[in-house]
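Here the structure is a predicted model, which means the values were calculated and not measured.
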Amino acid sequence: MARALLGYLPNSSDRYLAEEVARLKNRVRVLEAELAELKAAQESEQLLHELHRIASGASALA
């Protein structure tokens, strides 16, 4: 029975893996935030380009 219980005791490699998982989850959060910022910037850029195109077309008609 003691041998079976030893299999469930955390060891240093388990702690290392838990720390690595936490680090990677944090990195994913950072990258997701960066992706959201880039998508917002791209969307703003597309809207600005579309407004410029509309304004150019309107001034050509006038």
Over 12 foreign heavy atoms within 6.0 Å of CD, Glu45:
no
Sequence neighbours excluded, every pair satisfying side-chain hydrogen bond (donor to acceptor under 3.5 Å, both in side chains) that has a member inside residues 21-39:
Glu20-Arg23
From CG (Leu48) to CD (Gln46), nearest 0.5 Å:
11.0 Å
With rounding to the nearest 0.5 angstrom, report the CD to CG distance, Glu19 to Leu24.
12.0 Å
